[in-house]
Amino acid sequence: MLKFDVAIVGGGPVGACAAALLARAAGSGAARLRVVLLEPHVPPPPAEGSPPDARVVAISRASEALLRSAGAWPAIEDGRRACAYERMRIWHEGVAPESDGVLIFDAADVGEPNLGYIIESRLLQTALIAAFTAAGGQLDRAQFSCLAIEADGVRIATSRGELSARLVVGADGAQSAVRAATGLAAEVSGYHQTAIVATVATARPHQMTAWQRFMRNGTLAFLPLFDGTSSIVWSADEPLAAELAASSAAAFALELDRASDLALGATRLVGERASFPLRRLTAPRYVAERVALIGDAAHVVHPLAGQGVNLGLLDAGALAQELMGALARREDPGSLGVLRAYERWRKSEIAVMAASIDTFDRLLAHGTGPIARLAQRGLGWVNRSQELRRFFIRRALGVSGELPDAARRVS
Ligand SMILES: Cc1cc2nc3c(=O)[nH]c(=O)nc-3n(C[C@H](O)[C@H](O)[C@H](O)COP(=O)(O)OP(=O)(O)OC[C@H]3O[C@@H](n4cnc5c(N)ncnc54)[C@H](O)[C@@H]3O)c2cc1C
């Protein structure tokens with residue numbers, strides 16, 4: 001049976017980032033670590049010159065720093081498919097898109113060239129997996145089936161055989177089989193919304209800007225893409241989302257023009273629509289003896305703040321740092337004491353972020369009472385305070401909270 005120190009289940013962006021960080025740290029000679037990454041579905045990277053995928057994510061500057069530390073950034077930068085965004089314009093349907101009720105976060109206000117990047121999920125994933133294998137990590141295109149936790153390690157059964165490790169990292173997404181096999185619980189609640197994503201052409205240029213409009217029945221974001229088109233994420237209440245998904249391309253574009261208040265002019269769909277039912281998921285415990293959960297396996301948040309991958313990448317950085325610290329102290333990386341330090345660090349940060357995202361959703365996208373009306377008008381007030389704007393810009397850059405060392409380069 002093959003023996004490893006760390007087996008990471010799930011080579012999505014978060015698992016692949018943890019794998020690449022660990023493989024590179026181990027390769028630097030500080031400590032020897034044998035790392036295996038289990039991922040049955042590795043897509044090819046986007047082909048040169050091909051149109052952008054419908055699934056994109058906004059990544060923060062802190063995530064960029066992590067991707068540099070993981071060795072994945074050169075491939076992302078060289079492909080010229082990541083679009084830096086320089087500002088965000090956020091407004092409520094009660095005000096016009098060009099009025100002073102619009103909240104504008106501009107990277108220039110804090111002396112930064114941009115706030116982050118819009119990047120295809122597939123590019124993120126494939127660049128990280130390539131960085132992992134280049135650093136000497138072993139990719140196993142197998143599906144995890146079950147595990148047995150023993151005193152000094154974990155036995156893992158996969159679709160391609162058995163292996164053992166001192167630690168198993170569950171990075172296998174919201175439906176995590178590792179979480180279920182370990183008996184770790186997950187609290188799940190529905191938002192009663194579905195996110196519709198698609199690529200659209202717009203009459204006016206996106207101006208390297210992320211545009212977001214809060215409405216009484218959802219939130220609509222336009223994220224700028226490298227080829228001049230924009231990716232929309234429309235998180236709509238379920239009845240509206242069902243209508244939007246079933247409508248013709250022309251009818252959908254008309255609804256989009258109405259919902260965006262023509263902030264970027266008339267729109268035209270240039271690809272297929274995809275729908276994602278939205279749920280919030282929280283695992284009350286991220287760790288057990290010899291098991292740790294990271295990314296969507298541990299927590300799923302509403303996409304309106306574009307934070308899911310960013311939070312997961314920080315989990316990967318924090319876990320890698322705790323594990324390398326344990327190895328340097330000659331401690332067992334699978335011991336509960338080591339894993340609890342990771343859990344304490346990340347759980348509190350995620351609880352704060354998830355609660356603020358839900359408050360934004362309740363007040364800005366759905367609220368109708370006096371407090372909600374105050375919050376909706378508050379966007380314009382925040383815009384008039386340089387201090388408050390800087391506070392939120394730092395959050396958008398991802399440089400607030402306790403960062404792993406690997407994410408510190410831009411802080
Ligand atoms: C509409 C929408 C828009 C979003 N926009 C943003 C955004 O702008 N910014 C942002 O930060 N986040 C965003 N998110 C969230 C983001 O997509 C997720 O947080 C992110 O994909 C989680 O990454 P992950 O690696 O933890 O999980 P996943 O991406 O789900 O990856 C899990 C991996 O595990 C593998 N796997 C599953 N089961 C097994 C098994 N049994 N054995 C082996 N492997 C297995 C899967 O094949 C997959 O590759 C958005 C989400 C949605 C729905």
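Counting convention: from 1, in listed order, for ligands and their atoms alike. Along the sequence shown, the residues carry numbers beginning at 1.
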In the protein, which heavy atom is nearest to [atom], and how far is it?
atom                    : answer
atom 15 (C) of ligand 1 : Gly308 CA, 3.9 Å
atom 42 (N) of ligand 1 : Phe144 N, 2.9 Å
atom 44 (N) of ligand 1 : Pro40 CD, 3.4 Å
atom 26 (O) of ligand 1 : Asp296 N, 3.0 Å
atom 21 (O) of ligand 1 : Val309 CG2, 4.0 Å
atom 47 (O) of ligand 1 : Glu39 OE2, 2.8 Å
atom 7 (C) of ligand 1  : Ala58 N, 3.4 Å

Only heavy atoms of [X], strictly under 4.0 Å: list the atoms of ligand 1 that pass.
X      : answer
Gln307 : 10 (C), 11 (O)
Val14  : 23 (O), 24 (P), 25 (O), 26 (O)
Ala195 : 1 (C)
Asn310 : 11 (O)
Val9   : 42 (N), 43 (C)
Leu38  : 43 (C), 44 (N)
Val197 : 1 (C)
Gly295 : 26 (O)

Using a 4.0 Å heavy-atom threshold (strictly under), name the region of Arg55 that reaches ligand 1: side chain, backbone, both or neither.
side chain

Hey, does the side chain of [X] reach the backbone of [Y] with a donor-acceptor pair shorter than 3.5 angstrom?
X      : Y      : answer
Thr209 : Gln207 : yes
Arg204 : Ala263 : yes
Asp296 : Gly308 : no

Charged N to carboxylate O below 4.0 Å: is that the case for Asp140 and Arg160?
yes

SB check Glu343 Arg285 (cutoff 4.0 Å)
yes

Indicate yes or no: at least one non-hydrogen side-chain atom of [X] is less than 4.5 angstrom from one of [Y].
X     : Y      : value
Arg68 : Glu77  : yes
Met88 : Leu115 : yes
Leu37 : Gln138 : no

Option whose closest heavy atom lies nearest to [atom], chosen from [options]:
atom                    : options                        : answer
atom 37 (C) of ligand 1 : Val233, Leu293, Leu223, Asp172 : Asp172
atom 5 (N) of ligand 1  : Val42, Ile8, Val57             : Val57
atom 33 (C) of ligand 1 : Ser231, Gly12, Ser60           : Gly12
atom 29 (O) of ligand 1 : Ser121, Pro13, Gly11, Gly173   : Pro13
atom 32 (C) of ligand 1 : Ala171, Ala54, Gly10, Ser145   : Ala171
atom 3 (C) of ligand 1  : Gly312, Gly398, Pro303         : Pro303

For Arg81, which of Leu123, Leu225, Asp227 qualifies under side chain to side chain contact (heavy atoms under 4.5 Å, CB included)?
Leu123

If we only count N/O pairs under 3.5 Å, is Leu278 in contact with ligand 1?
no

Please report whether the ring centroid of Trp234 lies less than 6.0 Å from that of Phe222.
no

On the ring face of Tyr286, is Arg344 found with NZ or CZ under 6.0 Å from the centre and within 45° of the axis?
no

His302 and Tyr191 aromatic ring geometry - parallel, tilted or perpendicular at 30°/60° bounds:
perpendicular

For Gln175, is the CD atom crowded, meaning more than 12 foreign heavy atoms sit under 6.0 Å from it?
no

Going through the distances and angles, do Asp152 and Arg166 end up as a salt bridge (Lys or Arg N to Asp or Glu O under 4.0 Å)?
CA-CA 7 Å; Asp152 56 354; Arg166 291 204 283 168; over 6 Å; no

